[in-house]
Chemist: 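For reference, the structure I am asking about is given below.
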Amino acid sequence: MREKEFLDLLRHYLREMPEPVIMDIMADYEEHFAVGKSKGKSEEEISEELGSPRVVADEFLKNESGGLKLTRRERQDEDFEKSKFEEIIDLMKENKNISIVVLLLLVFVLPTILGMGVGLIGGLIGFVAGLASLMILPAIISFTAGIALMGAGVVFVLSAVLPGFSGMSVVISSLNPLTKIFAAVAMVSFGLIIFGLGIEYIKFLIRQIKKLYIFIRWEINKERRSTI
């Protein structure tokens, strides 16, 4: 497989990921080809070494969409941090003066810090809730309008098949039954379309949230890789 074909297929299979993440991955594999060609390898040989673009993309999608797994180096760093914390605890046990200072800080300073933290968290939660409400508002409007139109269509049908039905105004009740049926079909159709648009909008939001989540995780992992 030629380099362009490999990279084009890889980009295609990675299309569900955020564009900045795709660009990072593509840059890595372009570098693979450049290094391989500098060593005298053909594009076909490099492609064969890298494997199928679909398999490569599936690995990235699996790793970025699944749970955040710690690498061996990250687990070592975590163990190191735990050991340092245990050393601090031992030092406090041996030195009573340090323990007293820490206790005073916990009694007098910690409540203030916690109060500020709780206030900030509350404000952040309120902001996120307001933003989420604005984001789902179009879907709520679509669902409401769609249900209302479908309900009106049902009422038109009932008024057409049940002459004594009192769910319509006098003017609409006086319409020809065939006209009512056509109106009912139109309303139900438009209602379904609008309701469907609401569903598609929700799916769009979910895709964007997923992409944002993958992008954040990718940046976190990239930062960790750069410190190794």
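As the structure is a prediction and not an experimental result, all values here were calculated from the model. For the numbers below, each heavy atom of this structure counts, side chains included, while hydrogens, waters and symmetry mates do not.
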Chemist: Quick one: ring-ring contact (aromatic ring centres under 6.0 Å, His included) partners of Tyr13, sequence neighbours excluded?
Modeler: none

Chemist: With clusters defined by side-chain heavy atoms of hydrophobic residues (ILVMFWY) lying less than 4.5 Å apart, directly or transitively, does Leu9 cluster with Phe33?
Modeler: yes

Chemist: For a 4.5 angstrom cut-off between non-hydrogen side-chain atoms, does Glu44 reach Arg2?
Modeler: yes

Chemist: Report yes if some heavy atom in the side chain of Lys39 is under 4.5 Å from a heavy atom in the side chain of Val35; otherwise report no.
Modeler: yes

Chemist: By the salt bridge (charged side-chain N to carboxylate O under 4.0 Å, His left out) test, which pairs, at least two apart or in different chains, include something from residues 191-205?
Modeler: Glu200-Lys203

Chemist: Rounded at 0.5 Å granularity, tell me how far CG in Leu197 sits from CZ in Phe204.
Modeler: 13.5 Å

Chemist: Can you confirm whether Val188 sits close enough to Leu192 that some side-chain heavy atom of one is under 4.5 Å from a side-chain heavy atom of the other?
Modeler: yes

Chemist: Could I get the full list of side-chain contact (heavy atoms from CB on, under 4.5 Å) partners for Ser52, not counting sequence neighbours?
Modeler: Arg54, Val55

Chemist: Find out if a path of hydrophobic residues (ILVMFWY) with successive side-chain heavy-atom gaps under 4.5 Å connects Leu61 to Tyr213.
Modeler: yes

Chemist: Heavy-atom distance under 4.5 Å between the side chains of Leu149 and Ile194, does that happen here?
Modeler: yes

Chemist: So, do Phe215 and Pro20 sit near enough that their side-chain heavy atoms are less than 4.5 Å apart?
Modeler: yes

Chemist: Can you confirm whether Glu48 is buried at CD, in the sense that more than 12 heavy atoms of other residues, nucleotides or ligands lie under 6.0 Å from that atom?
Modeler: no

Chemist: Enumerate, atom names and distances included, each donor-acceptor pair closer than 3.5 Å involving a side-chain atom of residues 21-28, sequence neighbours excluded.
Modeler:
| unit_1 | atom_1 | unit_2 | atom_2 | d |
| --- | --- | --- | --- | --- |
| Asp24 | OD2 | Trp218 | NE1 | 2.9 |
| Asp24 | OD2 | Lys222 | NZ | 2.9 |

Chemist: Give the cluster check for Leu7 versus Phe60: same hydrophobic cluster or not, with ILVMFWY residues linked at side-chain heavy-atom distances below 4.5 Å.
Modeler: yes

Chemist: Do the charged groups of Glu49 and Lys41 touch, with an N to O distance under 4.0 Å?
Modeler: yes

Chemist: Do the side chains of Val185 and Phe190 get nearer than 4.5 Å, heavy atoms only?
Modeler: no

Chemist: Measure the spacing between OG of Ser47 and NE2 of His32 and express it to the nearest 0.5 Å.
Modeler: 12.0 Å

Chemist: Going only through I, L, V, M, F, W and Y residues with side-chain contacts under 4.5 Å, is there a path from Ile140 to Ile206?
Modeler: no

Chemist: Under the criterion side chain to side chain contact (heavy atoms under 4.5 Å, CB included), I'd like the reasoning laid out for Met135 against Leu131: C-alpha separation, chi angles, the key distance, then a yes or no.
Modeler: CA-CA 6 Å; Met135 290 174 64; Leu131 183 61; 4.2 Å; yes

Chemist: Can you name the residues that form a ring-ring contact (aromatic ring centres under 6.0 Å, His included) with His12, not counting sequence neighbours?
Modeler: none

Chemist: Going by an N to O cut-off under 4.0 Å, is there a salt bridge joining Lys37 and Glu3?
Modeler: yes

Chemist: With a 4.5 Å cut-off on side-chain heavy-atom distances among I, L, V, M, F, W and Y, is there a chain of contacts connecting Tyr29 to Ile46?
Modeler: yes

Chemist: Working to the nearest 0.5 angstrom, can you tell me the gap between Ile193 CD1 and Ser142 OG?
Modeler: 12.0 Å

Chemist: Within this structure, what is the CG-CZ distance for the pair Leu212 and Arg207, rounded to the nearest 0.5 Å?
Modeler: 15.0 Å

Chemist: Can you list the residues that meet the side-chain contact (heavy atoms from CB on, under 4.5 Å) rule with Tyr201, with sequence neighbours excluded?
Modeler: Pro138, Ala139, Leu205

Chemist: For the CD atom of Glu16 and the NZ atom of Lys211, what is their distance to the nearest 0.5 Å?
Modeler: 6.0 Å

